[in-house]
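The block underneath contains the structure these notes are about, expressed in structure tokens.
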Protein chains: 2
Amino acid sequence: MRMTPQRQLVLDAVRELGHATPEQVCRKVQGTASTVNITTVYRALDLLEELGLVRHTHLGHGAPTYSVEEHEHVHLACHRCGEIDEVPTETLDELADQLRRERGFELDATHLALSGTCRSCRATEAG
Amino acid sequence: MRMTPQRQLVLDAVRELGHATPEQVCRKVQGTASTVNITTVYRALDLLEELGLVRHTHLGHGAPTYSVEEHEHVHLACHRCGEIDEVPTETLDELADQLRRERGFELDATHLALSGTCRSCRATEAG
DNA sequence: GTAATTGCAAAAGTTTTGCCCCATA
DNA sequence: TATGGGGCAAAACTTTTGCAATTAC
């Protein structure tokens, strides 16, 4: 595998955007190199994921989002405003222990988000 | 809203299938009434969800799955074999408290699955 | 007769595939 | 010159929309 300019741009875009869909990554990359095709972005994301440089997370509705694999964290997705917060994986350690004990289930906390309502949306709802 | 035959069939299908994608629901319904269009299934699922009779959950990759809203539970999705296990929502009570306290985040445990590796896949991996 | 509902077809959105050209070693 | 990579177009797949015909009240 060669780290071509396109792939580097995709990696940079993922790094800068934080959590981004392939579509968003593509737009970002095209800001620098307008001819880069979305097909290339998909292929690059797949490759970068195989290499362990990025990972994708299902935050809820619609497309998965990609982020760099440098700090593991658990996602808190607000299903009202769409904001993504992050908490340390240790937050789920206790739950993970429990699931392992009781169910034999080995939790991968980073692949799926926890869904709910964020602080500011709760404040708005409360009035 | 009228509970038309189509809508009843969709509800029945969701009930029987457990966790099913719109596509799977449609096939099931068409087993009984072959002319029912997938458009109708999508519309019925939306309606039934508004009424609180069904809810959808993102179990991981791809399409959301619908299930009847009669017992709330948390989903454990094995990303290896795709099996979906269920645990009581109380399992996450402590975590929910913590997130509420520390982040102001109100957890909705049922909308997204927890991802990981199930017992039998772990056994296989271990050898 | 009016309003809601359905089926069909088409559109829209996302992701994948096929193919040919180009760049690099 | 082999090999891998990229761009483009088209295909595949999922979901939504527009509309005319039908149904229920």
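Residue numbering restarts at 1 for every chain, and letters A, B, ... go by the order of the sequence lines.
The backbone N or O of Glu86(B) lies less than 3.5 Å from a partner atom in the side chain of Arg103(A), making a donor-acceptor pair. Between the side chain of Thr117(B) and the main chain of Leu107(A), no donor-acceptor pair closer than 3.5 Å is present.
The shortest distance between the side-chain N/O atoms of Arg43(B) and the OP1/OP2 oxygens of dA4(C) is not below 4.0 Å. Residue Thr4(B) places at least one side-chain N or O closer than 4.0 Å to OP1 or OP2 of dT6(C). The side chain of Asn37(B) contributes an N or O atom lying less than 4.0 Å from OP1 or OP2 of dC8(C). Distances shorter than 4.0 Å separate none of the side-chain N or O atoms of Thr40(B) from OP1 or OP2 on dT6(C).
Relative to the side chain of Thr39(A), the nucleotides dG6(D), dT15(C), dA9(D) differ in distance, and dA9(D) lies closest. Taking every side-chain heavy atom of Gln6(A) into account, dG7(D) is the closest of dG7(D), dT6(C), dT15(C). When the nucleotides dT15(D), dG7(C), dA24(D) are ranked by their closest atom to the side chain of Arg2(B), dA24(D) comes out on top. Here the side chain of Tyr42(B) is nearest to one of dG7(C), dT16(D), dG18(C), namely dT16(D).
Leu95(A) and Val87(B) fall within the same hydrophobic cluster, defined by Ile, Leu, Val, Met, Phe, Trp and Tyr side-chain heavy atoms under 4.5 Å apart, directly or through other members.
What separates CD of Gln24(B) from C1' of dC13(D) is a distance of 15 Å, to the nearest Å. Nucleotide dT16(D) holds its P atom 10 Å from the CG atom of Leu45(B), rounded to whole Å. Between Leu9(B) atom CG and dT5(C) atom P there is a gap of 16 Å when expressed in whole angstrom units. Atoms CE (Met3(A)) and P (dG5(D)) sit 11 Å apart, rounded to a whole Å. Rounded to an integer number of Å, the gap from Met1(B) CE to dT5(C) P is 7 Å. Rounded to an integer number of Å, the gap from OH of Tyr66(A) to C1' of dT14(C) is 12 Å. Atom CD in Gln8(A) sits roughly 16 Å away from atom C1' in dG5(D) (whole-Å rounding). The interatomic distance linking Arg7(A) (CZ) with dG7(D) (C1') rounds to 14 Å, in whole Å.
If you check every strand for non-hydrogen atoms under 4.0 Å, Thr35(B) touches sugar and phosphate atoms only.
Ion pairing between a basic and an acidic side chain is recognised when a charged N comes within 4.0 Å of a carboxylate O; Arg100(A) and Glu106(A) show such pairing.
Aromatic ring centroids of His75(A) and His58(A) lie 6.0 Å or more apart.
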